[in-house]
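Below is one structure, written out as structure tokens; comments come after it.
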Amino acid sequence: MTSDDFRAAAHTAADLAADHLAGLAAGPVWQPMDDAARRTLLDAPLPAAGRPLDELLAAVGRDVLPYPMGNGHPRFFGWVNSAPAPAGVLATLAAAAMNPSSAGGDHADVHLERAVVRWIAELVGFPHPPGGGLLTSGTSMATIVCLAAARNRAARAAGWDVREDGLAGMPPLVGYVTGETHSCVRKAAELLGLGSKHLRAVATGPDGRLDPAGLRDAIARDRAAGLLPFLVVASAGTVGTGAVDAFDPIADLCAEERLWLHVDGAYGAFGVLDPEIAHRYAGLARADSLALDPHKWLGVPVDCGCALVRDPAELRAAFSLVPSYLRDEAAGELGWFSEYGTEQTRPFRALKVWATIAHRGRDGLAADISRTTALARRLGELITADPELELLAEVQTSIVAFRLRPAGRTGRTDEAALDALNRELPAAVQRRGRAFLTGARLDGREILRACLLNPATTEEDLAVLLAEVKAAGREHTG
């Protein structure tokens with residue numbers, strides 16, 4: 001391939017991407033693929049001979065781009081998936097062209113990652129000593145990294161070398177979560193050998209936030225039983241309702257009990273940039289670790305999470321292993337990123353983070369986030385004013401939990417029918433193609449949840465969403 005061949009194909013690829021992004025709002029949010037289109041991808045034979053780049057790009061434009069997940073559309077309100085930031089899209093190509101392993105060494109990607117991790121910490125007001133964090137595939141991996149450090153610190157305090165000896169024979173380590181804590185915490189606990197039965201679900205108050213009094217009682221019971229409490233996981237925005245825990249009283253208790261405080265900020269930590277809700281995050285900086293996702297509210301193209309820790313030495317103690325073939329005498333005091341997590345070969349994630357933040361700046365990011373939270377509050381108002389809809393939780397960030405309650409469905413005997421209806425509604429709305437939302441369970445009830453992350457969303461889009469929910473409900477009930 002000549003450089004001219006690549007340049008021509010790159011221009012075509014840029015046009016494909018630009019046309020795709022420009023046309024999103026005018027098309028359906030998501031539609032099921034027809035069987036022929038699905039089989040084209042599923043049954044593609046392994047090619048014996050190569051194909052020219054122009055043919056490959058034509059296939060991408062014909063067989064892939066017309067069938068998106070939908071998260072680029074301004075009426076996508078599902079899960080916690082953002083539209084891609086244009087600067088991040090462009091930077092992804094340059095990062096792939098370099099294709100380094102960002103494990104360590106003296107090259108641009110390593111230094112840029114140290115800078116953007118510091119930027120992320122500054123954005124959310126988390127302390128950042130040199131080496132106090134790294135980029136990961138997402139918060140699921142960042143949680144494993146942070147909880148591994150917490151586990152090792154607790155084991156060391158108990159006179160145990162968990163890296164050398166494992167956990168066998170050691171009194172069980174116990175962590176504390178709530179019923180709304182993200183499932184990645186349980187997965188991390190299972191993977192790290194802690195066992196999900198040693199994660200205690202602490203009650204929440206009416207506002208959906210962890211109850212410090214209940215936490216204190218649970219810790220006391222476990223200590224009396226000879227167990228080793230070591231971890232509390234608080235949330236800077238639950239996935240179900242966007243609730244933000246009260247960090248100061250939790251941090252006070254963790255300091256008193258010598259427990260590691262980890263904050264799951266995957267979705268919501270960047271909400272601190274909105275002056276309207278920044279007060280909810282008081283005490284966040286007191287955590288021992290924070291996991292968050294630039295690929296959510298900031299719009300950095302997937303994948304990109306971040307683990308931030310107060311004490312970098314704890315990460316290095318949990319993960320550092322430098323065989324002779326990876327020695328780098330010029331690495332300096334911080335060593336390599338691969339000493340702070342599980343990945344050895346690490347992709348160049350930092351460039352798309354740098355481009356996204358640098359393009360919008362702190363003020364632009366804050367404006368984008370403030371817009372989505374304001375729209376979420378407006379959606380809550382529209383739901384409250386509609387007799388067919390029921391708001392189920394205070395709108396604390398940019399997630400709105402509600403359900404459809406058609407006229408006449410008010411008695412206890414109708415609760416099962418309401419649950420069945422609201423369980424079916426997300427898929428029904430998605431199939432209609434004009435809006436996209438997802439569901440969950442909250443306090444034993446099936447709910448609808450709309451997550452607003454796209455600053456291109458308008459109040460008209462909110463009206464379409466609610467109209468689609470009610471229309472799908474009428475179709476379902478006949």
Side-chain angles (χ1 to χ4, degrees), residues 21-22 24-25 71-74 76-77 80-92 94-95 111-128 132-133 135 139 236-237 242 244 247 263 265-285 287 290-302 304-306 308 349-379 395-400 451-459 461-462:
L21 293 173
L24 283 173
N71 51 299
H73 198 287
F76 184 93
F77 304 99
V80 190
N81 297 98
S82 66
V89 173
L90 296 175
T92 300
H111 304 305
L112 197 60
E113 180 164 347
R114 296 213 184 276
V116 300
V117 170
R118 173 173 51 81
W119 284 8
I120 291 167
E122 290 177 8
L123 282 173
V124 298
F126 194 81
H128 185 67
L135 299 179
T139 285
V244 179
F247 300 119
V263 173
Y267 145 67
F270 291 109
V272 73
L273 290 169
D274 177 8
E276 192 73 23
I277 63 172
H279 64 279
R280 298 187 183 277
Y281 297 84
L284 173 64
L290 169 65
L292 66 170
D293 278 334
H295 68 211
K296 288 189 168 72
W297 224 337
L298 296 192
V300 172
V302 172
C304 189
C306 183
L308 297 174
R349 300 182 176 106
L351 191 60
K352 58 189 177 183
V353 184
W354 171 85
T356 300
I357 297 176
H359 178 63
R360 293 298 287 143
R362 187 192 186 283
D363 292 346
L365 294 173
D368 292 343
I369 288 169
S370 296
R371 174 170 174 77
T372 57
T373 61
L375 283 170
R377 292 190 293 273
R378 179 56 182 154
L379 180 58
V395 180
Q396 296 188 35
T397 45
S398 73
I399 292 177
V400 183
C451 180
L452 288 83
L453 295 178
N454 191 337
T457 299
T458 66
E459 191 166 331
D461 293 322
L462 306 183

**Study point:** Verdict with reasoning, Leu365 to Ile357, per side-chain contact (heavy atoms from CB on, under 4.5 Å)
**Key:** CA-CA 7 Å; Leu365 294 173; Ile357 297 176; 4.2 Å; yes
Exercise for review: Taking side-chain contact (heavy atoms from CB on, under 4.5 Å) as the test, write out the residues that go with Ala285, two or more places apart.
Suggested key: Pro127
Practice item. With rounding to the nearest 0.5 Å, note down the distance linking CG in Asn454 to CG in Asn81. Key: 12.0 Å
Point to revise | Residues in salt bridge (Lys or Arg N to Asp or Glu O under 4.0 Å) contact with Arg371, at least two apart in sequence or another chain | key: none
Point to revise | Closest heavy-atom pair and its distance - Gly72, Ala83 | key: CA-CB, 3.8 Å
Review point. Salt bridge (charged side-chain N to carboxylate O under 4.0 Å, His left out): which pairs involve residues 350-362, sequence neighbours left out?
Key: Arg360-Asp368
Review point. Heavy atoms, side chains only, cut-off 4.5 Å: are Cys304 and Leu135 in contact?
Key: yes
**Study point:** Approximate separation, where rounding is to 0.5 Å, of Leu379 CG and Thr372 OG1
**Key:** 12.0 Å
**Study point:** Under the side-chain contact (heavy atoms from CB on, under 4.5 Å) test, residues paired with Ala236 that sit two or more places apart
**Key:** Phe247, Val263, Ala269, Tyr281
Check your understanding: Looking at residues at least two apart in the chain, or sitting in another chain, which of them share a side-chain contact (heavy atoms from CB on, under 4.5 Å) with Ile399?
Key -> Tyr267, Arg449, Cys451
Under 3.5 Å, side-chain donor or acceptor atoms of residues 115-123 against the rest of the protein: list the pairs with distances, not counting sequence neighbours.
from, atom 1, to, atom 2, distance (Å)
Arg118, NH1, Glu122, OE2, 3.3

Exercise for review: Could you pull out all residues at least two apart from Asp461 that satisfy salt bridge (Lys or Arg N to Asp or Glu O under 4.0 Å)?
Suggested key: Arg75
Check your understanding: What pairs with Arg377 under salt bridge (Lys or Arg N to Asp or Glu O under 4.0 Å), at least two apart in sequence or on another chain?
Key -> none
**Study point:** Residues forming a side-chain contact (heavy atoms from CB on, under 4.5 Å) with Leu90, sequence neighbours excluded
**Key:** none
**Study point:** Contacts of type side-chain hydrogen bond (donor to acceptor under 3.5 Å, both in side chains), residue Asp274, not counting sequence neighbours
**Key:** Ser370, Thr373
Revision key, fill the gap. Interatomic distance, CD1@Ile369 vs OG1@Thr397, rounded to 0.5 Å, equals 11.0 Å
Exercise for review: Calculate, to the nearest 0.5 Å, the distance between atoms CG and CH2 belonging to Leu452 and Trp297 respectively.
Suggested key: 9.5 Å
**Study point:** Contacts of type side-chain hydrogen bond (donor to acceptor under 3.5 Å, both in side chains), residue Glu276, not counting sequence neighbours
**Key:** none
Check your understanding: Can you name the residues that form a ring pair (Phe, Tyr, Trp, His ring centres under 6.0 Å) with Phe77, not counting sequence neighbours?
Key -> none
Review point. Of all heavy-atom pairs between Thr356 and Pro301, which one has the smallest distance, and what is that distance?
Key: OG1-CD, 4.4 Å
**Study point:** Gap between atom CG of Leu298 and atom CG of Asp293 - 0.5 Å precision
**Key:** 9.5 Å
